[in-house]
Structure formats: structure tokens, C-alpha cells
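Inspection log for the structure reproduced underneath, given as C-alpha cells.
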Amino acid sequence: MGKDTIADIITSIRNADMDRKGMVRISSTNITENISKILLREGFIENVRKHRESNKYFLVLTLRHRKNRKGLYRTILNLKRISRPGLRIDSNYQRIPRILGGRGVVILSTSRGIMTDREARLERIGGEILCYIW
């Protein structure tokens, strides 16, 4: 894992999803816990557990997969990192982008914590755009 923990989380989830793994283990920090709670609340993952191993805490995420009618595998989770350490992307609440006409989720880091785009628009606050999920 590098210094950009959000990019590491997104990459771990994306790789586990492409490899058809049911679970992924990521390091536990305040940011990772908040992002995983948003993923769980929005229905992109099935379960989140906190696991302790030799004085280090990890989050174990259970991914959600689906099969179409022909039995072929399709991923249900698409993640894209937007703001990064070298280029921060900020937005006010009026200019927060809508992903897939509102079906996707934008995760923001605001002055009131990490929240989705819908919550930020309701509270009328902007912030740093962390990632897109659809």
C-alpha cells in the first residue's frame, strides 16, 4: 500500500471484483471505514466487518456479484478516483457532478465528514470530490 489510501482501497476493490473474489481485505482507517459505510448503505457491497490481526485492524468487505440470464459474469461495481494528492478537485454543492443521471454516487470529503453527493446537496455544502461509483 502506498501513501494514497483512497486509491489503494479503490484499486483493491476493483481488482477483487474483476477476479470474482467474494471478499477483499483493506486496512482500517477513519477514511476507509466511512467510504465502506457509504458503499454498504448505497448497496454496492453486501457486508463490512472489522477484523483484528496482530494489533492491526482490517476491514473485510463482502462484494456483491450478479449473473445475467445466460450465466455470464458481470461486475456490478465501477469505481474511479477523481481527486488525488497531486491534483485536488473541489466543488461547491451546485456543481457536484451527477453520475449516470443520478444513479451513480459521488463521494465527497466535506467539512462535515465524508458523504455522498445527495447528502451534500441537501445540506448545501461542497467539498473535495474523492471518487465516482456506478
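Along the sequence shown, the residues carry numbers beginning at 1.
- The distance from the CG atom of Asn78 to the CG atom of Asp17 is 8.0 Å, given to the nearest 0.5 Å.
- In this structure, Ser12 OG and Arg25 CZ are separated by 10.5 Å, a value rounded to the nearest 0.5 Å.
- Residue Ile125 is found in a hydrophobic cluster whose other members, listed by chain and number, are Met115; membership requires side-chain heavy atoms under 4.5 Å apart, directly or through intermediates.
- Annotation: side chain of Arg64 is not in contact with side chain of Leu77 (no heavy-atom distance under 4.5 Å).
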Practice item. Mind running side chain to side chain contact (heavy atoms under 4.5 Å, CB included) on Ser27 and Thr5 for me, showing each step along the way? Key: CA-CA 9 Å; Ser27 62; Thr5 57; 5.6 Å; no

Practice item. Could you walk me through whether Lys80 and Trp134 pass the side chain to side chain contact (heavy atoms under 4.5 Å, CB included) test, one step at a time? Key: CA-CA 9 Å; Lys80 183 177 181 185; Trp134 70 94; 3.9 Å; yes

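- Using a 4.5 Å cut-off between side-chain heavy atoms of Ile, Leu, Val, Met, Phe, Trp and Tyr, with links allowed through other members, Phe58 and Ile31 fall into different hydrophobic clusters.
- Between Thr62 and Ile45, every side-chain heavy-atom pair lies at or beyond the 4.5 Å cut-off.
- With sequence neighbours excluded, no residue forms a side-chain hydrogen bond (donor to acceptor under 3.5 Å, both in side chains) with Asn30.
- Qualifying salt bridge (charged side-chain N to carboxylate O under 4.0 Å, His left out) partners for Arg14, counting only residues two or more places apart in sequence or in other chains: none.
- Each side-chain hydrogen bond (donor to acceptor under 3.5 Å, both in side chains) pair with one or both residues in residues 89-106, not counting sequence neighbours, appears once here: Tyr93-Arg124.
- With hydrophobic clusters built from ILVMFWY side chains whose heavy atoms lie under 4.5 angstrom apart, Leu40 shares a cluster with Ile38.
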Exercise for review: Given side chain to side chain contact (heavy atoms under 4.5 Å, CB included), test Glu46 with Met23 step by step and report yes or no.
Suggested key: CA-CA 10 Å; Glu46 288 184 11; Met23 294 187 183; over 6 Å; no

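- Taken to the nearest 0.5 Å, the CG atom of Asp117 stands 9.0 Å off from the CD1 atom of Ile129.
- Under the side chain to side chain contact (heavy atoms under 4.5 Å, CB included) criterion, Leu87 pairs with Arg84, Ile89, sequence neighbours left out.
- The shortest distance between side-chain heavy atoms of Ile26 and Asp8 does not fall below 4.5 Å.
- Distance check, rounded to the nearest 0.5 Å: CG of Leu79 to CZ of Phe44 gives 8.0 Å.
- The side-chain hydrogen bond (donor to acceptor under 3.5 Å, both in side chains) search around Thr29 returns Thr32, not counting sequence neighbours.
- Of the inter-residue distances, the one linking Ile35 atom CD1 with Ile6 atom CD1 reads 4.5 Å to the nearest 0.5 angstrom.
- The stretch residues 125-134 participates, sequence neighbours left out, in these salt bridge (Lys or Arg N to Asp or Glu O under 4.0 Å) pairs: Arg88-Glu128.
- Between the side chain of Arg49 and the backbone N or O of His51, no donor-acceptor pair lies under 3.5 Å.
- Applying the salt bridge (Lys or Arg N to Asp or Glu O under 4.0 Å) rule to pairs touching residues 26-44 yields Glu33-Lys50, Arg41-Glu119, Glu42-Arg118, sequence neighbours excluded.
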Exercise for review: Might you work through the side chain to side chain contact (heavy atoms under 4.5 Å, CB included) test for Ile82 and Leu130, ending with a clear yes or no?
Suggested key: CA-CA 6 Å; Ile82 301 302; Leu130 298 178; over 6 Å; no

Enumerate donor-acceptor pairs with a distance under 3.5 Å from any side-chain N or O in residues 104-114 to protein atoms, sequence neighbours excluded.
residue: Thr110; atom: OG1; partner: Arg112; partner atom: N; Å: 3.2
residue: Thr110; atom: OG1; partner: Gly113; partner atom: N; Å: 3.4
residue: Thr110; atom: OG1; partner: Gly113; partner atom: O; Å: 2.7
residue: Arg112; atom: NH1; partner: Glu123; partner atom: OE1; Å: 2.9

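- Every residue was checked against the side-chain hydrogen bond (donor to acceptor under 3.5 Å, both in side chains) condition with Thr116, not counting sequence neighbours, and none meets it.
- One finds the CG atom of Leu59 at 5.0 Å from the OG atom of Ser36 (value rounded to the nearest 0.5 Å).
- When every heavy atom of Pro85 is checked against every heavy atom of Asp4, the shortest pair comes out as CD-OD2, 3.5 Å.
- By the rule that hydrophobic residues join a cluster once side-chain heavy atoms approach within less than 4.5 Å of another member, Val48 and Tyr57 end up as members of separate clusters.
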